[in-house]
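Take a look at the structure set out below.
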Amino acid sequence: MLKARQAGYLKGYEGNIAKPESKITREDTSVIVSQVFKLDTSGNNNSLSKFKDAEDISEYAAAAVNKLAADGVIRGYEDGSFKPKANITRAEFIAILDGLVPLLCNAPGTYENKNVSGHVVISNPSVELKNSTIDGNLYITEGIGNAGVTLNKVAVTDTAYISGGGKT
């Protein structure tokens, strides 16, 4: 909880209380995910209007929900609702991650000729990514330790975030 707070993607309740045993809502999950992945939520794509309960989405969460909906990461329920105050299930959370990160390079090997619409996460030091285009962000995580990864002819349309690796 302290790491998440220090990193800036977990805010407390009023009075600076964390409530670590409380369940998390769908709208709070959207905010945390957008902050962890440093998503640009400044766009005005009005994707909230697709949800029949859009007026129930808290003001602090509206931009994050809008971004994730615009990117097709969250779709809501069959009845057209988002249910922002409902608790999120594990399956729903995994669906968000799967939609956000279509390519997870967490096993050693060469990942070649990947044209990814979304974000790519590299968390293993024995990864080579080559001849690929990422229409989103690239995250090279702390999982690579002090080693490095090999990027060969890789184009990233958004931002590359590097949180691990040795000296170049």
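In this chain, residues are counted from 1 in sequence order.
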**Item:** Check: Ile32 main-chain N/O paired with Gln35 side-chain donor or acceptor under 3.5 Å
**Value:** no
**Prompt:** Is there a side-chain contact between Ile122 and Thr141, using heavy atoms and a 4.5 Å cut-off?
**Reply:** no
All N/O donor-acceptor pairs, side-chain side in residues 96-114, below 3.5 Å, sequence neighbours left out:
from: Tyr111; atom 1: OH; to: Ala107; atom 2: O; distance (Å): 2.8
from: Glu112; atom 1: OE2; to: Asn131; atom 2: ND2; distance (Å): 3.3

**Request:** May I ask you to check whether Phe37 and Tyr139 place their ring centres under 6.0 Å from each other?
**Result:** yes
**Request:** Of all the heavy-atom pairs spanning Arg75 and Phe51, show the shortest one and how long it is.
**Result:** O-CE2, 3.5 Å
**Item:** Stepwise side chain to side chain donor-acceptor pair (under 3.5 Å) check, Thr150 with Asn152
**Value:** CA-CA 6 Å; Thr150 301; Asn152 185 357; over 6 Å; no
**Asked** Rounded to the nearest 0.5 Å, how far does CG of Leu151 lie from NZ of Lys130?
**Response** 12.5 Å
**Asked** Ile144 and Ile140: which non-hydrogen atoms are nearest, and at how many Å?
**Response** CD1-CG2, 3.3 Å
**Item:** Hphob cluster co-occupancy, Tyr77 + Ile94, side-chain heavy atoms under 4.5 angstrom
**Value:** no
**Item:** Contacts of Ser42 that satisfy side chain to side chain contact (heavy atoms under 4.5 Å, CB included) - sequence neighbours left out
**Value:** Asp40
**Message:** Please report the interatomic distance CD1(Ile74) to CD(Glu27), rounded to the nearest 0.5 Å.
**Reply:** 10.5 Å
Contacts under 3.5 angstrom, residues 63-72 side chains, donor-acceptor by atom type, not counting sequence neighbours:
from: Asn66; atom 1: OD1; to: Ser47; atom 2: N; distance (Å): 2.7
from: Asn66; atom 1: OD1; to: Leu48; atom 2: N; distance (Å): 3.4
from: Asn66; atom 1: ND2; to: Asn45; atom 2: O; distance (Å): 2.5
from: Lys67; atom 1: NZ; to: Asp71; atom 2: OD1; distance (Å): 3.4
from: Lys67; atom 1: NZ; to: Asp71; atom 2: OD2; distance (Å): 3.1

**Item:** Residue list, side chain to side chain contact (heavy atoms under 4.5 Å, CB included) with Ala160, at least two apart or on another chain
**Value:** Leu138
**Prompt:** Does Thr89 use its side chain to pair, donor to acceptor, with the backbone of Glu92 at less than 3.5 Å?
**Reply:** yes
**Complete:** d(Ile88 CD1, Asp28 CG) to nearest 0.5 Å is 10.0 Å
**Item:** Closest non-hydrogen atom pair between His119 and Leu39, with its separation
**Value:** NE2-CD2, 3.4 Å
**Item:** Any donor-acceptor N/O pair, Ser132 side chain to Val154 backbone, under 3.5 Å
**Value:** no
**Message:** Would you compute the distance between atom CZ of Arg26 and atom CD1 of Ile57 and round it to the nearest 0.5 angstrom?
**Reply:** 9.5 Å
**Request:** Please step through side-chain contact (heavy atoms from CB on, under 4.5 Å) for the pair Asp53 and Lys83, ending with a clear verdict.
**Result:** CA-CA 7 Å; Asp53 57 352; Lys83 300 180 184 174; 4.2 Å; yes
**Message:** Suppose we screen for side-chain hydrogen bond (donor to acceptor under 3.5 Å, both in side chains). Which residues come up paired with Ser49, at least two apart in sequence or across chains?
**Reply:** none
**Prompt:** Does Thr29 reach the side chain of Thr25, with side-chain heavy atoms less than 4.5 Å apart?
**Reply:** no
**Prompt:** How long is the gap from CG on Asp158 to OH on Tyr161, to the nearest 0.5 Å?
**Reply:** 8.0 Å
**Message:** With a 6.0 Å cut-off (strictly less than), is the heavy-atom count around CD of Glu55, excluding the residue itself, greater than 12?
**Reply:** yes
**Complete:** The reported gap from NZ in Lys153 to OG1 in Thr133 (rounded to nearest 0.5 angstrom) is 12.0 Å
**Message:** Going by the rule ring-ring contact (aromatic ring centres under 6.0 Å, His included), which residues pair with Phe93 if we only count those two or more places apart in sequence or in a different chain?
**Reply:** none
**Close side-chain approach of Val127 and Asn124, heavy atoms under 4.5 Å** = yes
